[in-house]
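This chain uses plain numbering: 1 for the first residue, then up along the sequence. The figures here come from the full heavy-atom set of this structure, side chains too, leaving out hydrogens, waters and symmetry mates. All values derive from a computational prediction rather than experimental measurement.
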Amino acid sequence: EATDPAGDPGQPVRIHILGPLAVSRAATDVPVGRGARRAVLARLALSANAPVPMAELVAMLGEVRPPQSPARAVQTCLSKLRAALRPAAVIGRTPGGYRLDLAGDQLDHAEFRRLVRRSRPAGPAEALELLEAALALWHGDPLSDIPQLQDHPWSSRSPTSGSR
């Protein structure tokens, strides 16, 4: 019986952006490729459930290696990402761009924010537990392995480094 190197496709994927970009399904890493593909996924994850303009994705790919047909290069990246993430995460077309649709528990940043929100009304012991769980989600500077996003306003901050 062959095993899927990306884990059980029935399990949801989890995207990690609080550190180097990583994608997992259950306890298995999901390979999403290198270079442009990782950059496109990272940018979509920064704006999960919100549209990202095609022009922004095209400009970002030009920073990696200017493609001869930028729109086709973005579409190729997205097609390969869809295949890697399916069926648990959906990359959808929006007017003028694309959107990565994720449930809140599929993105470490969303879970971080949820834990911090829950800590505010909690008592001291529970708040400490929730904040420690939130801090444990961080594995370095956000998207530190995606040079195209180092100047993105959100990815330049972490709880340990402050603003760059």
### Stepwise side chain to side chain donor-acceptor pair (under 3.5 Å) check, Thr76 with Arg72
CA-CA 6 Å; Thr76 299; Arg72 180 168 285 150; over 6 Å; no
### Query
What do the steps show when you test Asp101 against Arg99 for side chain to side chain contact (heavy atoms under 4.5 Å, CB included), and what is the final call?
CA-CA 6 Å; Asp101 292 323; Arg99 179 183 66 230; 2.6 Å; yes
### Message
Is there a side chain to side chain contact (heavy atoms under 4.5 Å, CB included) between Arg43 and Leu57? Walk through the geometry before answering.
### Response
CA-CA 8 Å; Arg43 179 59 194 93; Leu57 297 173; 4.0 Å; yes
### Message
Val74 vs Met54, test: side chain to side chain contact (heavy atoms under 4.5 Å, CB included). Steps then yes/no.
### Response
CA-CA 8 Å; Val74 168; Met54 175 70 142; 3.6 Å; yes
### Task
Might you work through the side chain to side chain contact (heavy atoms under 4.5 Å, CB included) test for Ile91 and Arg82, ending with a clear yes or no?
CA-CA 6 Å; Ile91 298 173; Arg82 283 182 180 116; 4.0 Å; yes
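Counting all heavy atoms, side chain and backbone alike, Ala84 lies closest to Pro31 at CB-O, 3.6 Å. Taking both residues in full, the closest heavy atoms of Ala122 and Ala127 are given as CB-N, 3.8 Å, listed atom of the first, atom of the second, then distance. Between His16 and Ser24, the shortest heavy-atom contact is NE2-OG, 3.0 Å. Nearest heavy-atom pair across Asp145 and Leu21 is OD1-N, 2.9 Å. When every heavy atom of Arg117 is checked against every heavy atom of Pro121, the shortest pair comes out as O-CD, 3.3 Å. When every heavy atom of Ala39 is checked against every heavy atom of Leu149, the shortest pair comes out as O-CD1, 4.2 Å.
No side-chain donor-acceptor contact under 3.5 Å links Ser47 to the backbone of Ala50.
Within the model, atoms CG of Leu115 and CG of Leu137 stand 6.5 Å from one another, a figure rounded to the nearest 0.5 Å. To the nearest 0.5 Å, atoms CZ (Arg37) and OG (Ser79) are separated by 9.5 Å. With rounding to the nearest 0.5 angstrom, the CG atom of Leu85 is 9.5 Å from the CD atom of Gln106. Between the OG atom in Ser119 and the CD atom in Glu129 there is a gap of 11.5 Å [rounded to 0.5 Å].
Using a 4.5 Å cut-off on side-chain heavy atoms (C-beta onward), Pro12 and Arg25 make no contact. Proximity of Leu143 to Leu46: side-chain heavy atoms (C-beta onward) are separated by under 4.5 Å at one or more points. A 4.5 Å side-chain heavy-atom check between Ile17 and Pro142 finds every atom pair outside the cut-off. Within the 4.5 Å cutoff, side-chain heavy atoms of Tyr98 are placed close to those of Gln75. Taking 4.5 Å as the limit, some side-chain heavy atom of Arg38 sits within range of a side-chain heavy atom of Ile146. Met60 places none of its side-chain heavy atoms less than 4.5 Å from the side chain of Val58. Proximity of Arg14 to Leu107: side-chain heavy atoms (C-beta onward) are nowhere separated by under 4.5 Å. Considering only heavy atoms from C-beta on, Glu111 stays 4.5 Å or farther from Asp105 through its side chain.
Residue Ile15 forms a side-chain contact (heavy atoms from CB on, under 4.5 Å) with just one option from Asp108, Leu44, Leu100, and that option is Leu100.
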